[in-house]
**Q** 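Before I ask anything, here is the structure I am working with.
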Amino acid sequence: MLDLLIHNATLPDGRTNISVAVQAGRITEVTTGLTPEVAAAREVVDAGGMLLSTPFVDAHFHMDATLSLGLPRLNQSGTLLEGIALWGELKPHLTFDALVDRALAYCDWAVANGLLAIRSHVDTSDPSMLAVEALLAVKKKVAPYIDLQLVAFPQDGVLRSKGGVDNLKKALSLGVDVVGGIPHFERTMADGAASVRLLCELAAEQGKLVDMHCDESDDPLSRHVETLAFEANRLGLHGRVTGSHLTSMHSMDNYYVSKLLPLMAEAQLSVVSNPLINITLQGRHDTYPKRRGMTRVPEIMAAGMTVAFGQDCCMDPWYSMGSGDMLEVASMGLHVAQMTSQSAMQQCFDAVTKNPARILHLPGYGLEAGCHADFVLLQARNPIEALRLKATRLMVWRRGALVAQTPARTATLTLPDRPTNTSFLHSN
Ligand code: FE2
């Protein structure tokens with residue numbers, strides 16, 4: 001007997017009337033015609049033709065800062081630089097328990113939103129390793145329902161801050177998974193390049209993945225992604241290195257980008273764009289026209305690289321908005337990048353599901369036999385409708401067990417001539 005049978009589902013690739021069979025936490029079959037009449041299961045769910053997807057994955061987040069909004073004060077200007085200053089003011093007041101409590105509260109939101117894998121940067125600038133220890137504890141605690149991958153992130157600059165390299169190495173030795181960096185925050189372009197080289201060499205030595213905040217500025221002459229791709233090639237780190245943000249690419253000279261993209265593709269660089277944050281923090285020195293400051297997502301995808309959209313911030317010193325809703329993130333990316341062709345909208349859905357899963361090197365992620373039985377059932381009939389509605393997550397499963405449910409969104413209308421209900425689904 002099966003543990004779980006979900007039938008009458010639509011899949012993100014467009015297949016309809018699909019049944020998914022689950023046994024011992026894994027998918028055993030994805031097929032048509034496997035109905036409750038022919039396959040006995042302890043639990044049967046009729047998906048009602050709605051979209052059954054693999055869970056959302058966030059490839060870029062800061063869980064040590066999340067839900068700290070207003071501590072010790074609000075960011076009055078809403079700018080990146082005031083946000084960094086504010087984080088510096090908050091750091092001396094952080095406690096282990098408060099960090100854990102806020103992170104766990106966010107993880108509850110994540111599960112409710114069908115977000116079951118998160119790559120979070122953790123600031124390694126503090127030699128006490130307080131935030132690192134707290135997020136390692138959170139990682140262990142949430143492991144049954146969220147894959148939390150941690151990046152050693154030297155917020156103050158690995159070369160710029162005293163002891164930066166030693167602190168980052170300490171974080172890695174404590175169990176942080178990925179090597180991070182922030183080359184554009186080092187004092188000179190040369191120091192930034194040196195930090196990229198040093199950190200990539202460290203990752204190669206230790207067999208770690210790399211994910212750097214890279215060129216997060218409007219400077220058209222910022223060149224750290226070039227160094228990152230070059231080092232990935234030189235050290236044989238193909239497919240193991242991610243450039244996060246890359247907002248300067250928005251402002252770069254087109255001829256230079258035509259030379260840069262093949263170098264990035266050769267290194268099999270992955271890219272994470274953070275549309276909610278990029279559209280609000282970049283272009284702040286501009287008058288009009290104002291640059292959008294988001295990297296060249298469709299062009300990077302067309303060059304064959306894996307691109308994900310990340311949440312980055314949620315109610316923290318940099319951003320007062322956010323709720324762990326990856327459909328909101330993807331919807332913003334879709335609009336900012338003008339990805340409104342039918343195939344591009346589908347790609348935006350992939351950018352918060354299977355693309356980030358590939359970037360995290362998540363094992364067992366997928367909708368086929370042998371994969372983990374991790375799903376989200378959305379109140380939408382296809383990925384484009386899911387993006388349009390930021391669709392309700394009707395049911396969320398982890399390893400075949402139901403972990404969250406939300407009632408369907410339905411409005412009851414009491415119009416005199418049309419007493420009816422509506423759920424915003426399009427009937428064509
Ligand atoms: Fe970030």
Side-chain angles (χ1 to χ4, degrees), residues 57-69 75 78-88 90-91 102-103 106 110 115 118-125 131-132 135 148-158 168 171 176-186 192 195-196 199 209-218 222 224-225 228 241-250 270-282 284 293-295 297 307-322 324 326 329 332-333 336 351-352 356 359-360:
V57 179
D58 183 2
H60 190 112
F61 193 60
H62 293 264
M63 204 174 276
D64 49 359
T66 196
L67 305 191
S68 66
L69 184 70
N75 181 335
T79 60
L80 174 61
L81 291 180
E82 189 176 341
I84 292 174
L86 191 46
W87 178 235
L90 173 58
K91 272 202 272 192
R102 288 196 289 263
Y106 182 80
L115 168 57
I118 300 173
R119 174 182 277 184
S120 174
H121 296 252
V122 53
D123 189 354
T124 59
S125 302
V132 170
L135 288 200
L148 178 58
Q149 193 177 77
L150 298 178
V151 185
F153 174 50
Q155 171 79 70
D156 300 339
V158 75
L168 186 135
V176 171
D177 309 278
V178 180
V179 176
I182 185 164
H184 55 275
F185 197 66
E186 303 292 353
S195 78
V196 172
L199 292 163
L209 301 176
V210 175
D211 188 340
M212 286 191 203
H213 285 65
C214 195
D215 299 327
E216 188 183 0
S217 76
D218 295 314
S222 200
H224 298 304
V225 62
L228 188 65
V241 176
T242 299
S244 278
H245 290 293
L246 308 187
T247 52
S248 64
M249 284 186 75
H250 184 97
S270 296
V271 171
V272 181
S273 170
N274 299 300
L276 296 169
I277 306 309
N278 300 152
I279 196 71
T280 48
L281 293 185
Q282 300 304 311
R284 285 295 185 117
M294 195 170 90
T295 198
V297 172
V307 182
F309 287 133
Q311 167 87 51
D312 198 6
C313 300
C314 178
M315 302 185 74
D316 67 10
W318 295 274
Y319 189 59
S320 305
M321 305 277 117
M326 296 310 293
V329 171
M332 179 61 79
V336 177
V352 290
I359 290 171
L360 267 65

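For this chain, numbers begin at 1 and follow the sequence in order. Just so you know, ligand 1 is whichever comes first in the structure, and atom 1 is the first atom listed for that ligand. Bear in mind that the values here come from a model prediction, so they are computed numbers and not experimental data.
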**Q** Are any side-chain N or O atoms of Asp64 and backbone N or O atoms of Asp123, one a donor and one an acceptor, separated by less than 3.5 Å?
**A**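 Here the side-chain-to-backbone pair exists.
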**Q** Output the atom name for the N/O/S atom of His60 with the smallest distance to the Fe ion (ligand 1).
**A**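 Within His60, restricted to N, O or S, the Fe ion (ligand 1) is closest to atom NE2.
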**Q** Examine Cys313 and say whether one of its N/O/S atoms is closer to the Fe ion (ligand 1) than 2.8 Å.
**A**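 Coordinating: no.
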**Q** From the options His121, His60, His250, His224, select the one residue that forms a ring pair (Phe, Tyr, Trp, His ring centres under 6.0 Å) with His245.
**A**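 In the set His121, His60, His250, His224, the residue that makes a ring pair (Phe, Tyr, Trp, His ring centres under 6.0 Å) with His245 is His60.
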**Q** Can you tell me if an N/O/S atom from His121 lies under 2.8 Å from the Fe ion (ligand 1)?
**A**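 Looking at His121, which is the residue asked about, there is no N, O or S atom under 2.8 Å from the Fe ion (ligand 1).
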**Q** Ring centroid separation for His213 and His184, is it under 6.0 angstrom?
**A**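 No: the rings miss the under 6.0 Å criterion.
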**Q** What N/O/S atom of Asp312 gets nearest to the Fe ion (ligand 1)?
**A**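 Per the distance ranking, Asp312 contributes OD1 as its closest N/O/S atom to the Fe ion (ligand 1).
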**Q** Under a plain distance cut-off of 3.5 Å, with no hydrogens placed, do Trp318 and Asp312 share a side-chain donor-acceptor pair?
**A**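 Note: Asp312 and Trp318 side chains miss the donor-acceptor criterion.
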